[in-house]
Amino acid sequence: MTSSNPTAAAADALVLQDGPQPYRGPSDDAPIAIEVRNVSKTFRIPEHRVDTLKERVVNPLSRPAYRELRALQDVSFDVRRGEFFGIVGRNGSGKSTLLKVLASIYRPNSGRVRMAGRMAPFIELGVGFNPELTARENIVLNGVLFGLSRRQASTMIDAVLDFAELRDFIDLKIKNYSSGMMVRLAFAIMVQADADIMLIDEVLAVGDASFGQKCMDIFYQRRAAGKTIVLVTHDMATVQAMCHRAVLLHDGEMRYQGDAEKAASKYLQLNFSGADAEVIDPTAPPPDETDATAELNARLLHARLLGDDGESISTLEQGTPLVLDAAIEAARELNEPILLFYVRNADGVVVFAVSRKLEQLVAPGERIRLAGTIENRLVPGSYQLECWIGQYYASGAAGVQPMRLVKFVVYGTGGRQGLVTVEADLDPVVDPGLRS
Amino acid sequence: MSVEQQADLALRDVPGPSSLGGGWRRSWDLLYIIAVTSFKQTYFGTVLGYVWSLARPLALFAVMVTVFTKVLRLDTIPHYPVFLLMNIVLFGFFQEATGIAVTSVVAQEAVVRKTQFPRLVIPLAVVLTALFNLGLNLVVVLAFMLGFGVDPRWTWLLFPVLLVLLLVITIAFAMILSSLYPRFRDVAIIWQVVSTALFYATPIIYTADRIGGHETVRRILAINPISPIFELARKWIIESSAPGPAAASGGTLMLLAPAAIYVAICVFAVWVFHREAPLIAEKL
């Protein structure tokens, strides 16, 4: 771990000028692309679902009992053209409902939404694919679904097939596609449909790690091209890395609107304060847990795992060491920060932890490079590597921030029992002496 | 292009989900693509695609011709086989379109819940696909007619009027059924029974003038909004001397009843669909 060496870290901080720069976003006088005013949405959830006419006829007087779920309450915000805008909140905070209101899938009970330009929702990849049709026909169908005319949709067929590298399979029915090919096709259509406003649910970016990375690359490109992107997520690393501004939803109410960093930090506070805690980790880092609070200590600049040839990888063979290359930028003054690396498996279990202390003062804006190799004894499966950045204050209190660095998959033919494989010098032999 | 782009980028109200969300143009494109592709699927997927789809009405026709001309001796109706075939094909269109439309919106759950999809397009596409089928079947009917010696007449040119009348009521039923089904799942079963009853309550296998003294049956026929369509079809296409719908229901004034019911069904269809459309995504 080079980060354990203060001088090396300082030297690295000077070298790291070519990483992605923090995004400044469009200027304040950029035209408004999405205007949301006082939007409320209430769902009526029947206590006992009356599904048939018969039940209505048999019990005409028993009005079905409804429970009101206030999914959104009086939400207002603006998104400017060219902005990468985050909608953040926990599960059930109303963020997906808000996305569906923006996408014209739900009608708000009150309030108004206005939009400038063609909007394409990406709530799930490949929605509207007809498995019985060929790729060519599905491209047109999907293009029209995204608001293109039939002619425009037909002209993008070539571009989509090239992007997806599926030219050889143009007349193959979608039902015969592998799931990977299907995802490539859906993604290519999404990119080529080139809407002015893209509404994206985080489900797109999760799943296969390399695909998630490709999504992110595309989002960067769209952002650079001045398209407006609204991303719904509860992954604060993404918000910090990509979004210019964000709204924070909590129980259907808008708790914060503005700077993405602050939204992320408030999100962490909401989730780490008291009984509300949802993502609190039983193995949370600071030894004196009682005084640990969530705070925004650093921003993730980039994180990746490297293969033998120095290329970034998302899968590695069992036994191959993890070669980490990541950098973070201090968001506040950090005094001798503690960096805790966790490797968590698909069940959320921490398989192992590595901790490092950086014995120096890091000024705000200074970069810390996290690079080095970590022994890999993991059994095949999918994992994520997290870095919890914390510091102690003179008062004895601690501030800590969790950050996801990378997701990766370990493959191999070794046993999947347990969490790790170990070396063992254990040779059973038959001992003849015992019988005689 | 730049002017268009500027206009495009003005702030506009997001209408929310509706029958024709996303504009007429987009709805029409979607309707066209979906109807054409599902039609192609039926006919170009298998070698015998078209043969199979024609086999059903033809088999039904063969059975009925045998039963009614050989067993029940209804063949005193002039050109009975052609009359029967035409009626079966026309009613088959109505039954196929409405039958598939019932579950159509629920079957398209993914697009309804995950994209901004104009709801009305779903039942309309079902009806349009059935209309393509009808077009093909009518060619066969025409061949039979000429083969059985029905003489072409100028009133054949009025056939599109009948087709429009039938199409409109079919669309109305498709809208009502598809919008109510997400709420009341037993609509599908009820409709199976009702559409079968409607088959016998419409002059398809018999003619209105053969009912004789059955007053109840006559009254049912008199208010059935699709009966006049079949009576007109018989008069205009097969036998000009046949009594028209007015004579069959006992006077032109009596036609006001089915006409009023026809209009009422259409108005109800538009009302109920527009009321349900914005909520379908939540009800699924």
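This one's a predicted model, so the numbers in the text were calculated from it and none came from an experiment. Throughout, a chain's letter reflects where its sequence line sits, starting with A, and its residues are numbered from 1.
Contact annotation for Leu180(B): neither backbone nor side-chain heavy atoms come within less than 4.5 Å of a heavy atom of chain A. Of the atoms belonging to Ala33(A), it is backbone heavy atoms, and not side-chain ones, that fall under 4.5 Å from chain B. Contact of Ile33(B) with chain A is made through the side chain alone, with heavy-atom distances under 4.5 Å. Looking at Ile197(A), there are no atoms closer than 4.5 Å to chain B (heavy atoms on both sides), in backbone or side chain.
Between Ile105(A) and Val112(B), the closest side-chain pair of non-hydrogen atoms is not below 4.5 Å.
More than 12 non-hydrogen atoms from other residues, nucleotides or ligands lie less than 6.0 angstrom from CZ of Phe43(A).
The backbone N or O of Leu145(A) sits less than 3.5 Å from a side-chain atom of Arg26(B), completing a donor-acceptor pair. Side chain of Asp29(B) to main chain of Arg150(A): a donor-acceptor pair is present (N/O by atom type, distance under 3.5 Å, no hydrogens or angles).
The CG atom of Asn130(A) sits 8.0 Å away from the CD atom of Gln108(B) when rounded to the nearest 0.5 Å. With values rounded to the nearest 0.5 angstrom, Thr115(B) atom OG1 is found 8.0 Å from Phe146(A) atom CZ. The CZ atom of Arg112(A) sits 4.0 Å away from atom CG of Asp13(B), with the distance rounded to the nearest 0.5 Å.
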